[in-house]
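Below is one structure, written out as structure tokens; comments come after it.
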Amino acid sequence: MRLARIRTDDGVATGRYDEGLVTVDGEEYEVGVDADLLAPCEPSALYCVGRNYAATVDQMDYDIPDQPDWFIKPPVSVLDPGADIEYPSWTDELTYAGELAAVIDHECHDVAEDEVSDVVRGYTILNDLDALDQPGRTARKAFDGSGPLGPWIETDVDPSDLDMTTHVGGELRQEANTQQMLFSPAEVVSFLSERYTFKPGDVVSFGSPANPGLVEPGDDVEIWYEGVGTLTNTVVDASD
């Protein structure tokens, strides 16, 4: 089942998404006509793992981590699916990264790996934007709008063997499978839950495959994960 969060004339609601229609308490809303898609959750934090694909580690000449390597994006990082990515004026090197992400269903702490499926509402897609020329991960990754998220939450998918692609301006930039992760989604969620109390709607992302790269104003970024969907956003010049 796909759970979508929408803005309607009656306010914000969450319902079941199917073929462009979102059903909320028996009432149907057509996306783009009666409703606009919003990010599918409202996280208190986005916990993002880096260096989690072997090919990426090789490409970037990183050391292979012996445990998940993570950073945190704040709630203001979240950007709705379809919303414009405003190219920050203070960077000349903005990059995309197509990542699978889990959405936490209820408050939890210190979750065993075999219990992760009980605390995860489902999976969505994160574009982990990075201002590569800034000093330190927080400056690079934790700015307003740095986390396009969506388009919905897929509640019925096994994250362990999913194909993915990222296209920028119609050009294939990333192609991989989640089997290539160094740490599985269950391992990552369990590991981070030892350190943090997750809140409902929190996001845990699992890192980018090889070939994260630069974007420019005018670029459409389309990130697809098998069984989940496609997250699409367009980069624009913030000064326009």
Side-chain angles (χ1 to χ4, degrees), residues 39-79 95-113 115-117 119-132 134-149 153 159-160 162 164 166 174 176 178-212 223 225 228 231:
C41 56
E42 295 182 279
S44 69
L46 297 88
Y47 302 90
C48 304
V49 169
R51 300 191 295 169
N52 197 32
Y53 279 80
T56 307
V57 169
D58 290 343
Q59 181 188 46
M60 306 300 288
D61 197 26
Y62 293 142
D63 293 331
I64 295 176
D66 56 9
Q67 65 180 32
D69 172 52
W70 80 98
F71 56 94
I72 296 174
K73 288 179 182 278
V76 293
S77 297
V78 174
L79 190 69
T95 68
Y96 63 85
E99 304 191 4
L100 183 69
V103 178
I104 301 299
D105 191 44
H106 56 264
E107 184 172 317
C108 57
H109 177 74
D110 201 11
V111 181
E113 283 184 35
E115 296 176 345
V116 166
S117 61
V119 304
V120 169
R121 185 179 307 165
Y123 293 87
T124 190
I125 300 167
L126 172 73
N127 185 356
D128 175 25
L129 297 174
D130 185 339
L132 201 61
Q134 300 302 297
R137 265 185 170 166
T138 298
R140 286 170 43 194
K141 293 175 171 286
F143 55 91
D144 285 6
S146 62
L149 188 70
I153 300 168
S160 64
L162 302 178
M164 70 80 63
T166 299
Q174 292 182 299
T178 56
Q179 285 186 330
Q180 298 165 341
M181 290 181 182
L182 299 175
F183 301 99
S184 72
E187 289 177 294
V188 170
V189 172
S190 177
F191 174 83
L192 291 175
S193 75
E194 296 175 9
R195 292 155 173 79
Y196 304 99
T197 297
F198 292 141
K199 302 294 185 180
D202 281 354
V203 170
V204 181
S205 74
F206 305 113
S208 174
N211 300 321
I223 303 167
Y225 271 85
V228 180
L231 172 66

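Side-chain atoms are counted along with the backbone in the values below, which use heavy atoms only and exclude waters and symmetry mates. Please read all numbers here as calculations on a predicted model, not as lab measurements.
Taking the salt bridge (Lys or Arg N to Asp or Glu O under 4.0 Å) definition, one finds that Asp105 meets it with Arg121, sequence neighbours left out. Residues meeting the salt bridge (Lys or Arg N to Asp or Glu O under 4.0 Å) test with Glu115, sequence neighbours left out: none. With sequence neighbours left out, Glu107 forms a salt bridge (Lys or Arg N to Asp or Glu O under 4.0 Å) with Lys199. In terms of the side chain to side chain donor-acceptor pair (under 3.5 Å) criterion, residue partners of Thr166 (sequence neighbours excluded) are, by chain and number, Gln174. By the side-chain contact (heavy atoms from CB on, under 4.5 Å) test, Val116 pairs with Val111, Val120, Ala186, Val189, Ser190, sequence neighbours left out. In this structure Phe183 satisfies the ring-ring contact (aromatic ring centres under 6.0 Å, His included) test with no other residue, sequence neighbours excluded. Tyr225 pairs by the ring-ring contact (aromatic ring centres under 6.0 Å, His included) definition with nothing, not counting sequence neighbours. Glu194 is linked by a side-chain contact (heavy atoms from CB on, under 4.5 Å) to Asp110, counting only residues two or more places apart in sequence or in another chain. Ser184 meets the side chain to side chain donor-acceptor pair (under 3.5 Å) test with Glu187; sequence neighbours excluded. Pro75 meets the side-chain contact (heavy atoms from CB on, under 4.5 Å) test with no other residue; sequence neighbours excluded. The side chain to side chain donor-acceptor pair (under 3.5 Å) test applied to Ser117 returns no partner, not counting sequence neighbours.
Contact between Ile72 and Ala45 at its shortest, heavy atoms only, is CG2-CB, 4.0 Å. When all heavy atoms of Cys108 and Ile104 are compared, the pair lying nearest together is SG-CG2, 4.1 Å. Taking each heavy atom of Ala176 and Tyr53 in turn, the nearest pair found is CB-CE2, 4.5 Å. Across all non-hydrogen atoms, the minimal contact from Trp70 to Arg137 is O-NH1, 3.5 Å. Among all heavy-atom pairs drawn from Pro43 and Cys41, the shortest one is CD-O, 3.4 Å.
Residues Pro40 and Leu149 have side chains in contact (heavy-atom distance under 4.5 Å, counting atoms from C-beta outward).
Checking side-chain atoms of Ser77 against main-chain N and O of Ser146 turns up no donor-acceptor pair under 3.5 Å. Under a 3.5 Å cut-off, the side chain of His109 and the backbone N or O of Phe198 do not form any donor-acceptor pair.
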For a quick test of your reading: what N or O donor-acceptor pairs under 3.5 Å do the side chains of residues 123-131 make, sequence neighbours left out?
| residue | atom | partner | partner atom | Å |
| --- | --- | --- | --- | --- |
| Thr124 | OG1 | Gly150 | O | 3.2 |
| Thr124 | OG1 | Trp152 | O | 2.8 |
| Asn127 | OD1 | Ala97 | N | 3.1 |
| Asp128 | OD1 | Lys73 | NZ | 3.0 |
| Asp128 | OD2 | Lys141 | NZ | 2.9 |
| Asp130 | OD1 | Leu132 | N | 3.4 |
| Asp130 | OD1 | Arg140 | NE | 2.9 |
| Asp130 | OD2 | Arg140 | NE | 3.4 |
| Asp130 | OD2 | Arg140 | NH2 | 2.5 |
| Asp130 | OD2 | Lys141 | NZ | 3.2 |

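Put simply, OH on Tyr196 and CG on Asp202 are 11.5 Å apart, with the number rounded to the nearest 0.5 Å. Within the model, atoms CD of Gln67 and CG of Leu182 stand 13.0 Å from one another, a figure rounded to the nearest 0.5 Å. Between Ser208 atom OG and Met164 atom CE the span is 6.5 Å, to the nearest 0.5 Å.
Taking a 6.0 Å sphere around CD of Glu42, one finds it holds 12 or fewer heavy atoms contributed by other residues, nucleotides or ligands.
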